[in-house]
Protein chains: 2
Amino acid sequence: MARSGRRPGESGARERIAESARAAFGEFGFDGATIRIIATGAGVDPALVHHYFGSKQRLFLSVMSLPFNAEFLKRQLLAPGLTGVGERLVRFFLGVWDEQPSVRPILTGIVRSAMTEPDAALLLRDFLGRQGLFQLVAAIAPDRAELRAVLVGSQLIGLAMARYIVGLEPLASADPEQLVASIGPAIERYLTGDLGAA
Amino acid sequence: MARSGRRPGESGARERIAESARAAFGEFGFDGATIRIIATGAGVDPALVHHYFGSKQRLFLSVMSLPFNAEFLKRQLLAPGLTGVGERLVRFFLGVWDEQPSVRPILTGIVRSAMTEPDAALLLRDFLGRQGLFQLVAAIAPDRAELRAVLVGSQLIGLAMARYIVGLEPLASADPEQLVASIGPAIERYLTGDLGAA
DNA sequence: CGGGGAATTCATCATCTGTAGAATTCATCC
DNA sequence: GGATGAATTCTACAGATGATGAATTCCCCG
């Protein structure tokens, strides 16, 4: 008579929860994405979320990790030489946001949550700093690589915020190649140019 | 015996609530800043907040308006001519964040809240777009002023996020003049340079 | 000196939040 | 085929949150 208990067949509930969580974190941020919203999105009882992931924080950290491959990026961006590396980086960055439906909620979620959640801010710092961009920048310009990396990071994160989160026009609906041509040279200067006195 | 009722003398409660609200919104964002936190910060009962401002949203909008004076900025930045206008804009921008203790929580609050609160996103769009930066940019470069304005805005907002909200090193503790020298030319190119094909 | 209105607080509501524990159902292994 | 354990749900709690309405106290004007 009761409807509790295990359901027959393979359910894949855990993966459905993870996907629903990514979507919710991406749309509403850490605070706005409630466990009940996530559970409903996965067609599942809220308690099951805790059963699998323990707490909301652990759920966030388990599910929102970025598949960032610095080695691959280095090869991809530096193969044609140094000239045009700024354009290529912007093109790659926009491509990830525009064309990869699985990665986008992770990125928006991290950015949205980093404003208020220290854990998310840590993820963002890692991506922009030592664990992420820095690896790439150090291979291009060893001198003052930290400063160059965060300058590039600040422009890229500002671009993402304006285009994808705040929806600032005409940035939000600009043609990607227009942005590559506009922003690429600025990035390239951060990467290889003269940054002024220390 | 009861402690309710009006208190003797001038209290300035309304202004204390406004200030406490600015501080709380700046530190915790719209969602994190609860009415109780705001009331406690003002030394006041939570109901008084509603008495004066109606709802939390109206409180936010009443209290978080930016004193942005485009005319003053134009005169200030364009007086010495066009050369170096990028550096001057970055210097002015950093000066507002670094040196004006009253404006800073408003800025952090808008940025923090814009990630999840549509009203705050609107404020941010206004500041970066038609009502704000665009006024300045149009006076400098009439051609493609909208695009130039949002490009400048994206770099400035990214800088603010990295330096003041996420605390990304070495950006967070960099010397302002170092940042003026590093970022100013990029801004200047957005303002006056060639942005590539349309 | 009396009354109207503003300031302030109290008590409270309905709702939502993350989380925990117990109960129920199924799959699998011996 | 009974036992063990995992999957899933139910019920519930304790706390926080935004909001409301009534009560209380004071100021000011006549």
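A, B, ... follow the sequence lines: proteins, then strands. Residue 1 opens every chain.
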key: Nearest-angstrom distance from the residue atom CZ of A/Arg16 to C1' of D/dA7   = 12 Å

ask   = Given C/dT19, D/dT17, C/dT9, which nucleotide is nearest the side-chain atoms of A/Ser55?
value = C/dT19

request  = Could you tell me the separation between the CD1 atom of A/Ile35 and the P atom of D/dC13, rounded to a whole number of Å?
outcome  = 20 Å

ask   = Tell me: CZ of A/Phe60 to P of C/dG18, nearest whole Å?
value = 14 Å

query = How long is the line joining CZ of A/Phe53 and C1' of C/dG18, in whole Å?
reply = 16 Å

ask   = Roughly how many Å is it from CZ in A/Arg36 to P in C/dT19, rounded to a whole number?
value = 11 Å

Of B/Asp45 and B/Ile37, the one whose closest DNA chain D nucleotide lies more 5' = B/Ile37

ask   = Does the ring of A/Phe134 carry A/Arg148 above it, NZ/CZ under 6.0 angstrom from centre and within 45° of its axis?
value = no

B/Asp31 CG to D/dA16 P, straight-line distance once rounded to whole Å = 17 Å

message = As an exercise, state the distance from CD1 of A/Ile187 to CZ of A/Phe93, rounded to the nearest 0.5 Å.
response = 9.0 Å

query = In terms of ring plane angle, is the pair A/Phe127 and A/Phe68 parallel, tilted or perpendicular, where the classes change at 30° and 60°?
reply = perpendicular

Value in whole Å for how far the C1' atom of D/dA7 lies from CZ of A/Arg14 = 13 Å

task = Give me the ring orientation class for A/Phe30 and A/Phe25: parallel if the planes are under 30° apart, tilted from 30 to 60°, perpendicular past 60°.
result = parallel

message = The side chain of A/His50 is closest to which nucleotide in this list: D/dG18, C/dT19, C/dA7?
response = C/dT19

query = Of the nucleotides D/dA7, C/dT9, D/dG18, which one has an atom closest to the side chain of B/Ala47?
reply = C/dT9

query = B/Leu48 has a side chain; which of D/dT17, D/dA19, C/dA7 sits nearest to it?
reply = C/dA7

note = Checking D/dG18, D/dT8, C/dT17 against the side chain of A/His51 (C-beta onward), the nearest is D/dT8

ask   = Is B/Tyr52 near enough to C/dT8 that one of its side-chain N or O atoms lies under 4.0 angstrom from OP1 or OP2?
value = yes

request  = For A/Gly196 and B/Ala181, work out which heavy atoms get closest and say how close.
outcome  = CA-CB, 4.1 Å

inquiry  = Side chain of B/Lys56 only, heavy atoms from C-beta on: which candidate in C/dT8, D/dG18, D/dT8 is closest?
reply    = D/dG18

